[in-house]
Amino acid sequence: MSRRVVVTGLGVLAPGGIGVKAFWELLCEGRTATRRITFFDASPFRSQVAAEIDFDPEAAGLGPQEVRRMDRAAQLAVVATRQAVADSGIEPAGLDPARTGVSLGSAVGATMSLDQEYRVVSDGGRDWLVDHRYAVPHLYGHFVPSSFAAEVAWQVGAEGPAAVISTGCTSGLDAVGHGAELIGEGSADVVIAGATDAPISPITVACFDAVKATTPRNDDPEHASRPFDASRNGFVLGEGAAVFVLEELQHARARGARVYAEIAGYATRSNAFHMTGLRPDGVEMAEAIRVALDRARLDPRDVDYVNAHGSGTKQNDRHETAAFKRSLGEHARRVPISSIKSMVGHSLGAIGSIELAASMLAMTHHVVPPTANLHEPDPECDLDYVPLVARPHHTDTVLSVGSGFGGFQSAVVLARPDRDAA
Amino acid sequence: MNRVVVTGLGVVAPNGLGAAAYWDNTLAGRGGIGPVRRFDATGYPATLAGEVPGFAAEEHLPGRLLPQTDHMTRLALVAADWALADAGLAADAGTDLSIGVVTASSSGGFEFGQRELQNLWAKGGEHVSAYQSFAWFYAVNTGQISIRHGLRGPSGVVVSDQAGGLDAVGQARRQIRQGARAVVSGGVDGSLCPWGWAAQLSTGRLSTATDPARAYLPFDEAADGHVYGEGGAILVLEDAAAARRRGARSYGEVAGYGAAFDPRPGSGRPPALRRAVEAALADAGATPGEVDVVFADGAAVPELDDAEAAALAAVFGPYGVPVTAPKTMTGRLSSGAGGLDLAAALLSMRDAVVPPTTNVVPAPRHALDLVGSPRALPVRTALVLARGAGGFNSAVLLRAG
Amino acid sequence: MQSPILTIDQLLRILRESAGESDAVPGGDVLDTEFADLGYDSLALLEATGRIGREYGLRLDDDVVVAAVTPRQLLAVVNETADR
């Protein structure tokens with residue numbers, strides 16, 4: 001009998017507001033948090049819009065040394081961890097350290113700090129032989145993003161298995177899937193799992209400009225992220241973190257914890273096709289969905305809501321539509337599907353966990369968040385993508401999917417743990 | 001639970017390109033540490049590194065892959081080619097969705113990243129390469145290996161500094177137990193560029209010695225930091241039954257794996273390496289007495305050497321098991337280290353000989369049976385350890401068969 | 001029309017430098033061979049057209065570049081942009 005894994009706490013820092021309440025209100029109102037980039041002068045760049053968080057780390061509870069030591073992505077992860085632990089009602093002092101693990105996703109690690117620090121040590125790009133004496137003392141922690149997992153572990157005194165999972169834009173799903181596997185196999189009873197990224201920095205903006213993956217819709221930043229719309233022309237870069245307390249089911253029940261959802265199934269596949277491109281038929285994503293549902297012992301018809309990857313690139317949204325049809329059959333035309341990237345942008349490795357948080361809140365409130373800015377659907381994206389307005393909808397089971405550079409295709413199935421008893 | 005065996009090895013090490021050259025040199029005690037050649041390090045406090053010799057990427061890889069890959073990704077791609085060829089395994093339409101790739105990374109394609117940061121800040125954003133969108137990021141080796149060989153199965157990337165190479169193998173084994181037929185795993189790493197060097201120097205743990213024979217001395221009284229190196233090994237892990245059915249040779253079984261994280265600094269609680277070792281033993285159903293040799297992490301930082309020696313003494317007793325650290329010949333390879341030590345341990349099993357730890361006179365206080373010259377010894381069970389900065393501890397137990 | 005600022009030899013050099021050696025047999029008439037058959041995918045073309053834009057100080061229209069599937073078509077796009 002495999003051990004079952006449930007989510008008992010969540011913390012979210014997403015564009016548009018700090019904390020779960022602000023996040024859910026934004027989604028339910030269909031508001032967008034995309035805007036002109038304010039972090040630096042983006043005028044030389046092709047894409048000048050992003051979904052930024054108004055985040056003051058000291059106001060969020062971090063000490064001056066923590067702020068100095070950690071990249072912004074680590075700061076977001078630590079604050080989200082504190083929210084999640086408080087939400088779960090767990091007292092860190094009561095956890096068995098050896099039975100508590102960490103699985104944190106991040107696609108690009110401390111890119112923002114590395115970008116800024118490089119400018120200093122190279123004297124504005126003049127010196128290839130950089131002057132290490134100008135580097136911050138904790139540069140190694142930016143160099144190797146496993147430092148993020150260490151920071152999270154220290155928050156709760158975790159001494160079980162810990163790692164950063166870095167599978168590009170599916171990191172946020174894969175980190176939660178990995179955390180659930182650790183509990184399922186018996187390597188831990190509690191895992192702090194989630195993901196973070198803070199990529200809104202010149203080097204990231206420049207490289208996505210070069211592959212033309214981000215939108216150049218600079219004259220209308222609030223409506224720049226347009227998943228499934230015929231006028232979409234690229235994603236909007238975002239940032240954020242979502243962290244969960246994962247617990248073995250009996251462990252959670254023994255302490256009377258509130259349960260958001262069971263991590264009922266997870267699977268990932270690679271398209272082995274192209275570092276940035278997608279095969280149009282969606283075969284690998286469909287296979288990940290099929291296996292995740294199979295592991296959850298659920299049928300496609302059981303899925304009440306699909307949280308899409310929906311990045312808003314021409315190629316992704318068609319690829320994904322094909323994958324849904326291939327894996328869910330006729331049910332693909334009946335189930336509501338939406339992309340919250342229309343509102344909070346695409347925070348690379350973090351977004352998978354942020355989308356899982358949205359999915360759990362959809363289960364909590366029986367409301368499906370909309371796809372904002374979807375006025376004129378692409379005829380090739382002909383499913384129910386819940387345009388513009390949140391929809392009351394009985395939601396017990398959610399499928400959340402992701403797709404990323406490197407060819408990763410992942411799927412997580414969330415369900416209610418008491419579904420068998422019903 | 002199904003057993004998982006290693007059926008292929010691909011090695012790119014500072015003291016040997018290819019498994020055969022690496023193993024010959026390692027048994028002969030020939031090291032690959034020397035002055036940095038990939039950039040001019042003479043102005044920095046540390047000037048030695050382990051660099052993979054004689055590697056010309058264009059001899060091994062198609063021209064189309066060169067502009068889009070960092071040096072360490074090229075090394076990884078070649079190691080993966082060799083590992084799959086060694087295993088005699090290729091994906092086809094019937095198996096490709098069940099063969100995956102799980103590699104470790106620490107800092108991604110950092111030299112590539114430095115070049116693009118230089119373009120950005122010296123010339124402007126329009127000079128940044130399209131390839132920067134993936135050549136730097138941590139997932140690059142897994143992605144490129146899966147594409148090159150058409151491997152569409154469950155894949156992943158683990159980042160836990162130098163513990164990562166073993167954690168990737170633990171994750172690969174997990175995927176096979178869940179139904180994958182085979183997973184290409186291990187890790188190849190390397191950030192030998194000025195910007196990576198600045199990051200390494202910030203730890204204060206790089207040896208500033210200039211004599212390669214005196215620079216990296218784990219467990220020695222003179223231990224004073226390590227030498228950083230590039231390279232590693234890619235391993236093909238395979239479901240044992242599937243490997244047997246196709247008549248593949250097994251180097252050995254990945255019988256146990258354990259990982260544990262150190263307590264928060266200043267907490268006064270004991271370090272976690274011992275728990276990782278005990279977890280790997282328990283996972284394999286093995287007793288300490290069965291272990292024929294330990295491949296140590298060998299940090300060469302006195303307090304970390306103390307912690308490792310103490311963990312080994314606690315589990316095996318003082319002088320209780322032969323211990324070796326052939327990485328004294330390569331330097332510390334970050335996420336490449338675990339894979340390379342696993343390869344060395346598997347070759348020890350094959351040839352019944354334990355490779356030496358070079359240049360080290362073990363400090364008596366460590367109470368270690370440190371293997372100083374090749375030791376003929378039937379190796380049926382080997383334990384491989386790795387630790388990553390920040391507190392990551394991992395252990396893999398290998399068994400013959 | 002003025003003399004073209006970009007010739008086929010220059011284009012092939014830029015492709016080689018930015019995306020690696022072509023998979024096709026060199027020396028053949030490649031003007032009308034599709035980039036895909038030369039071994040250059042969309043990413044290779046993004047990298048190459050980025051470099052053309054920088055070297056020749058041009059702003060190339062994304063959609064028009066994507067529509068060019070052979071060297072002859074891409075040369076026409078670049079040289080027409082330069083003429084404007």
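Keep in mind it's a predicted model, so treat the numbers as computed, not measured. All heavy atoms count here, side chains included; hydrogens, waters and symmetry mates do not. In the text below, chain A, chain B and the rest are named by the order of the sequence lines, each starting its count at 1.
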Inset, instruction - Check whether A:Arg295 gets within reach of chain B through its side chain, its backbone, both or neither, counting any heavy atom under 4.5 Å. - result: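 Contact with chain B: side chain only.
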Legend entry - Side chain / backbone / both / neither for A:His178 at chain B, heavy atoms under 4.5 Å: side chain
Inset, instruction - Could you tell me how the ring of B:Phe39 sits relative to the ring of B:Trp197: parallel (under 30°), tilted (30 to 60°) or perpendicular (over 60°)? - result: perpendicular
Legend entry - Aromatic centroids of A:Phe143 and A:Tyr140 separated by under 6.0 Å: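 Judged by ring-centre distance (under 6.0 Å), A:Tyr140 and A:Phe143 do meet the cut-off.
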For each of [options], tally heavy-atom pairs with chain B at distances under 4.5 Å, and name the one with the top tally.
options	answer
A:Ser270, A:Gly160, A:Ser122, A:Gly407	A:Ser270
A:Phe208, A:Trp128, A:Tyr134	A:Trp128
A:Gly101, A:Ala267, A:Ala206	A:Ala206
A:Val102, A:Val211, A:Val205	A:Val211

Between [options], who has the most heavy-atom pairs with chain A when the cutoff is under 4.5 Å?
options	value
B:Ser133, B:Gly150, B:Ala122	B:Ser133
B:Gln114, B:Met1, B:Arg115	B:Gln114
B:Pro265, B:Ala276, B:Gly100	B:Pro265
B:Asp283, B:Leu97, B:Thr203	B:Leu97
B:Ser160, B:Gly196, B:Ser106, B:Gly125	B:Ser106

Inset, instruction - Please determine, by modelled atom types, if B:Asn141 and B:Thr103 share a side-chain donor-acceptor pair under 3.5 angstrom. - result: no
